[in-house]
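These notes concern the structure reproduced below.
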Amino acid sequence: MLAGVHGPAVHILRHVLLIVVAVLLAALAGWFCRKVLMPLAQKITAKTEATWDEILFNERVLRALCAIVPAIVIWKFLPMVFYQFPLVRELLARATAIYITIMATRAVTIFIGSFDDLEGPEMGMSEGRSAARQYLKSFCGVLKIVAIFVSVIIVVAIALDKSPLHLFAGLGATSAILMLVFKDTIEGLVAGIRLTSNDMLHAGDWITVPSANANGIVQEMTLSTVKIRNFDNTITTVSPLSLINGSFQNWRNMQEGGGRRVKRILYLDFRSIKPLSADDINRLPKEAQPLAKEGEVNLTVFRAFVEHWLRHREDVNAKMTLMVRQMEPTQCGLPIEFYFFLKEKVWVRYEHTQAAIFEYLYAVIPSFGLKIYQQYPEQ
């Protein structure tokens, strides 16, 4: 007899009370972790000089760990609560073990994901978007996949009441099939790691991918996709494998270097090339007259004047390659190539500066007696 209860009802009441006690203890353990242990851990990490511990053991990670504790308490109490019902005890034990495995995997993936929030100084790097950071992000992605894969194997093993080692051993026979099914995913993972480990691509780089008609800034890089925001504000998504197997142009060195290249060709009419007379010299711009001598070819003086003029412009990087040269003659005139670097690298301002330079050159070319070749449409 228990509290006035007789017969079979005693066993039922005993189990109900044990279940209530187990649930209350599990709830109490969860509350203790969330209200006592978690704030204590946050205070400890906040008092340290380093900041990496606050980032890695953030609130999401601690809450994910706290969610496992009640299930562990239930799992420990199951043999005492259902000692007379072995089948029920076994089923509940498996279900609880599966829950613990899933929640533990969730905590591990959240912990791995918190590495993405580490900035350059915490990682011992000067820039947050460095190759080491990109490589770490790719490596964390691989670890998440491995953790989820191992979790699935363990869950299946628990559900079938088999040893996980037996299942892992059995995967060797089906590895060829798995590699065939996940061929694209595996190749994408390898390509993503190659891109980041070889410092070929960073988030924030300006790239052009002719095969995908993409021209813009890399917004996001993962192990399976590279997201590019084009300059017309459209988004192009390409796979790392297509970048590795194909070709793409990265403008990072130009952005980080001393200037952005200008390379343009003008075609001059052969019939306008001639030696300069004294009157011709007087018609030259004042800056060009000291460079000219009577009898010297006007094109020679023009090339020397343009190089001198460009070298003394504040918006031109004179320390980098600068030249005005002839190209191979064509039936459309003599090609003159202007090759130099502007200090301005932002696209819109670069285009305006380049346009202003060539607008001036178009205006002064006639003063040298030269004519730009122009083909008129047939009447």
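The figures here come from the full heavy-atom set of this structure, side chains too, leaving out hydrogens, waters and symmetry mates. Since the model is a prediction, treat every value here as computed from it, not as a measurement.
Taking a 4.5 Å side-chain heavy-atom cut-off between Ile, Leu, Val, Met, Phe, Trp and Tyr, the cluster of Leu28 extends to Trp31, Phe32, Val36, Leu37. Met320 forms part of a hydrophobic cluster together with Met323, Tyr339, Phe341, judged by ILVMFWY side-chain heavy-atom separations under 4.5 Å. With a 4.5 Å cut-off between side-chain heavy atoms of Ile, Leu, Val, Met, Phe, Trp and Tyr, the cluster of Leu91 takes in Leu87.
Applying the salt bridge (Lys or Arg N to Asp or Glu O under 4.0 Å) test to pairs two or more places apart or on separate chains, those with a residue in residues 314-327 are Arg313-Asp315, Arg325-Glu337. Here salt bridge (Lys or Arg N to Asp or Glu O under 4.0 Å) pairs that include residues 94-105, with residues two or more places apart or in two chains, are Glu90-Arg94, Arg94-Asp161.
In this structure Arg34 satisfies the side chain to side chain donor-acceptor pair (under 3.5 Å) test with no other residue, sequence neighbours excluded. Scanning for side chain to side chain donor-acceptor pair (under 3.5 Å) contacts around Ser151 gives Thr105, with sequence neighbours left out. With sequence neighbours left out, the side chain to side chain donor-acceptor pair (under 3.5 Å) criterion links Gln326 to no other residue. Under the salt bridge (Lys or Arg N to Asp or Glu O under 4.0 Å) criterion, Glu59 pairs with Arg63, not counting sequence neighbours. Shown here are the side chain to side chain contact (heavy atoms under 4.5 Å, CB included) partners of Val108, two or more places apart in sequence or in another chain: Ile112, Ala147.
At distances below 3.5 Å, not a single donor-acceptor pair connects side-chain atoms of Asn317 with backbone N or O atoms of Lys343. Between the side chain of Asn58 and the backbone N or O of Arg60, at least one donor-acceptor pair lies under 3.5 Å.
Taking both residues in full, the closest heavy atoms of Met200 and Ile244 are given as CE-CD1, 4.0 Å, listed atom of the first, atom of the second, then distance.
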Exercise. Dump the intermediate steps for side-chain contact (heavy atoms from CB on, under 4.5 Å) on Val316 and Leu342, then the final yes or no.
Key: CA-CA 4 Å; Val316 174; Leu342 291 179; 3.9 Å; yes
Self-check item: side-chain contact (heavy atoms from CB on, under 4.5 Å) between Trp309 and Leu361, worked out
Solution: CA-CA 10 Å; Trp309 178 70; Leu361 294 179; 4.0 Å; yes
Exercise. Show the numbers, then the answer: is there a side-chain contact (heavy atoms from CB on, under 4.5 Å) between Leu24 and Val20?
Key: CA-CA 6 Å; Leu24 289 176; Val20 171; 3.8 Å; yes
Quiz prompt | Pair Val226-Val218, side-chain contact (heavy atoms from CB on, under 4.5 Å): steps then yes or no | solution = CA-CA 7 Å; Val226 175; Val218 177; 4.0 Å; yes
Distance-only check: which donor-acceptor pairs under 3.5 Å involve side-chain atoms of residues 291-305, not counting sequence neighbours?
from   : atom 1 : to     : atom 2 : distance (Å)
Glu296 : OE1    : Lys293 : N      : 3.3
Asn298 : OD1    : Lys274 : N      : 3.1
Asn298 : ND2    : Ser272 : O      : 3.0
Asn298 : ND2    : Phe368 : O      : 3.0

Enumerate, atom names and distances included, each donor-acceptor pair closer than 3.5 Å involving a side-chain atom of residues 260-270, sequence neighbours excluded.
from   : atom 1 : to     : atom 2 : distance (Å)
Arg260 : NH1    : Lys345 : O      : 3.4
Asp269 : OD1    : Arg271 : N      : 3.0
Asp269 : OD1    : Arg271 : NE     : 3.2
Asp269 : OD2    : Arg271 : NH2    : 3.1

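Ring planes of Phe231 and Trp347: tilted class, angle from 30 to 60°.
Atoms CZ and CG, on Arg311 and Leu322 in that order, are 4.5 Å from each other to the nearest 0.5 Å. Atom-to-atom distance recorded for Arg106:CZ and Leu65:CG is 10.0 Å, nearest 0.5 angstrom. The CD1 atom of Ile154 sits 11.0 Å away from the CZ atom of Phe149 when rounded to the nearest 0.5 Å.
If you check the side chains of Ser277 and Asp279, you find no donor sitting under 3.5 Å from an acceptor.
Under a hydrophobic clustering in which Ile, Leu, Val, Met, Phe, Trp and Tyr are joined whenever their side-chain heavy atoms come within less than 4.5 Å, directly or via other members, Ile336 and Phe358 fall into the same cluster.
No side-chain heavy atom of Val238 sits less than 4.5 Å from a side-chain heavy atom of Thr225.
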